[in-house]
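Proteins get letters first, then strands, A, B, ... in listed order; numbering begins at 1 in each.
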2 protein chains.
Amino acid sequence: MVTLKQLAKELNVSISTVSKALNNSEEIGEETVRRVKELAELYNYKPNKVALSLKNNKTKTIGVIIPNILNRFLAKVLFGIEREATKHGYNIITCISNESLEKEKEGLQLLANGSVDGFILSVAEETQMNNEIEHFKKTISQGLPIVMFDRVAHDVLCDKVIVDDFDATYNATKSLIEEGRKQIAFISNINDISVGKLRERGYNKAILETTNLEPLVLKVKKKDDHPKRIKSFFKKTKGIDGVIAADSSSGIIAINVAVGFGLKVPKDISVIGFSSKSESNHTMPKLTTIRQHAKVIGAHAAQLLINRMQNTLEDEDVKTKIVKTSLVKNKSTL
Amino acid sequence: MVTLKQLAKELNVSISTVSKALNNSEEIGEETVRRVKELAELYNYKPNKVALSLKNNKTKTIGVIIPNILNRFLAKVLFGIEREATKHGYNIITCISNESLEKEKEGLQLLANGSVDGFILSVAEETQMNNEIEHFKKTISQGLPIVMFDRVAHDVLCDKVIVDDFDATYNATKSLIEEGRKQIAFISNINDISVGKLRERGYNKAILETTNLEPLVLKVKKKDDHPKRIKSFFKKTKGIDGVIAADSSSGIIAINVAVGFGLKVPKDISVIGFSSKSESNHTMPKLTTIRQHAKVIGAHAAQLLINRMQNTLEDEDVKTKIVKTSLVKNKSTL
DNA sequence: CTGAAAGCGCTAACAC
DNA sequence: GTGTTAGCGCTTTCAG
């Protein structure tokens, strides 16, 4: 990499002249500016990012801590974050917590040494189960703002971007009730995280406020043979004619299981899931889905953080943005 | 963030004394070391990463340029890279090229200003179609090593990690032939990238070296209604009894389509795809898949790069690592 | 044993 | 118009 020093030497001028010339300072003579820029072009000079960071005490880098990159929703949010960040001239450093509290702490610590100007994160499952929030508070008190998305720690004072999980399943369940479904099941493999619980509550509310309906809940563990659990649930619980799936795969599997049992979808049974567009192609008929607009969530999170970093708002003055889900009707519902 | 300066001031010693004490230099007195370390602990002192980077002319950061984070395979490789990098004390900065040549160039440029010590990347589709490689060469000549994985540019002299794509489909096709399948189709939505072509060639070879078999190839475009295309392909081409899918969704859709036509899988038709483990759960019966060991690929790529960065090997002395696929038999084949 | 000083690459206030 | 200098935070040589 060429430095100002080298350019200055070759041009027989001082370093600061070169710097000013390249930054279009009014002070420098036209001719000099031309010569400097020409040489800089030739050598493909780029200001050293690290030196700038040190000087400005700003890295223009966002730390993103994500629980699981193989989760399509989270990957999509990351995509949204990256795009928005790039648009504003920020880079992103990614850490994967793998749903572990320890790794989440490490990631936070490791990057809080001047590597990043702030964080965007979704809370790890283990962290939510243990209700740990000290590491977040500590980071914020060090002057590094955090924006949380989707799985948030409500007791931490920071900007947040969340989904209307409760309303999403409430409305979805309602829509199945309106179809005339009587035995609507709720299937979830995300029981331990905040959004999973909200989704279950939304479902429960819709069921309980309707006469003659009873909640039918299947909680699948990560380690279970997912298709097998759902199959035996269908066998055990006769007459299921509707399914609300809380995660991205349960809906898909439920359709396959139903088809396997000879049921017609959506004639005999309706299924609504939380999958993404491309995943909803993976079933026949196509899955009716609750879309979370992951990219939008990512973009909002990035905007909130960048806004905070550039304007040094009051710590207490935090925003929570709710990104509404939409129910995309495909062929797995009436 | 606390700095050495602040610690020094508070302790009434010089900055260099503090620095040495924290780095366990022999020069400093026991008592002083104790005092310094105590205060550093108290203030949770962490050496400023940016300052260190500037000093050492090393960022301990890897730039990763990935065409598409929503592709499960690529996301998994990223996971592997991240894990291996973290293990060696490296951070990763991620850019998403979105299959665009322009964004790939930008990412490379943007990070080649001292932000990273080297790159790991998979070539964007557009780049492969245009056969552009100058930007890679330029980056390498600037002293920033590149490791390419999966979709590589063969004419660029650098370390590579690839999959045995040709052999993978060749062997998979062979195995269907051995099952006695006569009408084996090849379905792909990745016709424009290097690995897609290799996979088609592997299939073709197996078909053509068997008497009485003819290649049956369906190329799906990104924009197509994927299920619809496959459905009409099945209708038009009577008697398909085997499918080799080159990408992660074609296999899944093929099974669903076959089941929709009343075919029994695997009795009437066998399907082999390139999906990941969790995706193979999305069909009934479970999809027999070619596993690419994405995480291993990521780990290898990171190792190659770190090795090169730390040992400054000769530019010409490059390695290509081949990670063999494995055929995981599930229930969609005999 | 401790401290002063230089230097990594850059910017900006201040001289000249 | 151009140059000198200090300083961002750190390590390291060299003096004391």
Side-chain angles (χ1 to χ4, degrees), chain A residues 1-37 39-40 43-61 89 110-117 142-144, chain B residues 1-37 39-40 43-61 89 110-117 142-144:
Chain A
M1 284 208 23
V2 209
T3 65
L4 288 184
K5 205 179 183 179
Q6 292 162 39
L7 295 180
K9 195 172 165 192
E10 193 145 338
L11 290 163
N12 268 317
V13 295
S14 78
I15 295 178
S16 59
T17 303
V18 180
S19 171
K20 286 172 186 164
L22 290 173
N23 291 312
N24 295 316
S25 161
E26 300 288 308
E27 297 177 25
I28 307 296
E30 215 174 295
E31 167 65 8
T32 316
V33 169
R34 203 190 45 69
R35 283 177 57 221
V36 170
K37 287 200 170 171
L39 199 70
Y43 285 157
N44 190 29
Y45 169 80
K46 293 271 177 312
N48 183 307
K49 179 92 182 300
V50 175
L52 282 178
S53 299
L54 184 59
K55 179 90 186 127
N56 302 329
N57 201 16
K58 286 206 177 156
T59 59
K60 287 277 234 170
T61 303
L110 235 57
L111 298 181
N113 60 356
S115 297
V116 303
D117 297 339
Q142 278 177 30
L144 288 169
Chain B
M1 285 207 20
V2 210
T3 64
L4 288 184
K5 204 179 183 179
Q6 291 163 39
L7 295 180
K9 195 172 166 194
E10 192 145 339
L11 289 164
N12 267 317
V13 295
S14 76
I15 295 179
S16 56
T17 303
V18 180
S19 171
K20 286 172 188 166
L22 290 174
N23 290 310
N24 295 315
S25 161
E26 300 289 308
E27 298 177 23
I28 307 297
E30 218 174 293
E31 167 65 8
T32 315
V33 170
R34 203 189 47 69
R35 283 177 57 221
V36 170
K37 287 200 171 172
L39 198 70
Y43 284 156
N44 190 28
Y45 169 81
K46 293 272 179 310
N48 183 307
K49 179 92 182 300
V50 176
L52 281 178
S53 298
L54 184 59
K55 181 87 186 131
N56 303 329
N57 200 17
K58 289 210 176 151
T59 59
K60 285 278 233 170
T61 303
L110 234 57
L111 298 180
N113 59 357
S115 295
V116 302
D117 297 340
Q142 278 178 28
L144 288 169

Taking side chain to side chain donor-acceptor pair (under 3.5 Å) as the definition, give me every residue that meets it alongside A:Lys20, ordered by chain and number, with sequence neighbours left out.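 In terms of side chain to side chain donor-acceptor pair (under 3.5 Å), with neighbours along the sequence ignored, A:Lys20 is linked to A:Glu27.
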
For the student: nearest non-hydrogen atoms of [X] and [Y], plus distance:
X: B:Ala51; Y: B:Asn48; result: N-OD1, 3.1 Å
X: B:Lys37; Y: B:Ala21; result: CE-O, 3.7 Å
X: A:Ile28; Y: A:Thr32; result: CG2-CB, 3.8 Å
X: B:Gly114; Y: A:Met1; result: N-SD, 3.5 Å

Heavy atoms, side chains only, cut-off 4.5 Å: are [X] and [Y] in contact?
X: A:Leu22; Y: A:Leu4; answer: yes
X: B:Val36; Y: B:Leu11; answer: yes
X: A:Arg35; Y: A:Glu31; answer: yes

Heavy-atom contacts under 4.0 Å between residues 44-55 of chain B and DNA chain C, which residues?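 When residues 44-55 of chain B is checked for heavy atoms under 4.0 Å from DNA chain C, the hits, listed by number, are B:Leu54, B:Lys55.
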
Walking along DNA chain D from 5' to 3', note the first and the last nucleotide with an atom under 4.0 Å from a heavy atom of chain A, and give both. D:dG1 to D:dG9

Side chain to side chain donor-acceptor pair (under 3.5 Å) partners of residues 52-61 of chain A, not counting sequence neighbours, each pair once: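 Applying side chain to side chain donor-acceptor pair (under 3.5 Å) to every pair that reaches into residues 52-61 of chain A, excluding sequence neighbours, yields A:Thr59-A:Asp117.
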
Go through the steps for A:Val18 and A:Val13 under the test side chain to side chain contact (heavy atoms under 4.5 Å, CB included), then give the verdict. CA-CA 7 Å; A:Val18 180; A:Val13 295; 3.6 Å; yes

Would you confirm whether B:Asn23, through its side chain, and B:Ser25, through its main-chain N or O, come within 3.5 Å as a donor-acceptor pair? no

Output the distance between atom CG (B:Leu144) and atom CG (B:Asn113), rounded to the nearest 0.5 Å.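 Here the rounded value is 9.5 Å.
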
Roughly how bent is the helix from C:dC1-D:dG16 to C:dC16-D:dG1 end to end, in steps of 10 degrees, with each end axis from five pairs? 60°

Nearest-Å distance, [atom1] ([X]) to [atom2] ([N])?
X: A:Asn57; N: C:dT11; atom1: CG; atom2: P; answer: 16 Å
X: A:Lys5; N: C:dG7; atom1: NZ; atom2: C1'; answer: 7 Å
X: A:Leu22; N: C:dT11; atom1: CG; atom2: C1'; answer: 12 Å
X: B:Ile15; N: C:dA6; atom1: CD1; atom2: C1'; answer: 13 Å

Want to settle it: does B:Asn12 or B:Asn56 sit nearer the 5' end of DNA chain C, counting the closest nucleotide to each?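 Its nearest nucleotide lies further toward 5', so the answer is B:Asn12.
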
Ignoring backbone atoms, test whether B:Ser14 places a side-chain nitrogen or oxygen under 4.0 Å from the OP1 or OP2 oxygen of C:dG3.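 Result: yes.
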
Quick one: is A:Asn23 getting a side-chain N or O under 4.0 Å of the C:dT11 phosphate, OP1 or OP2? yes

Could you run down the sub-3.5 Å N/O contacts of the protein with nucleotides 13-16 of chain C?
unit_1 : atom_1 : unit_2  : atom_2 : d
C:dA13 : N6     : A:Lys20 : NZ     : 3.2

Judged by modelled atom types alone, do A:Tyr43 and A:Glu10 share a side-chain donor-acceptor pair under 3.5 Å?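 Yes, a side-chain donor-acceptor pair sits under 3.5 Å.
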
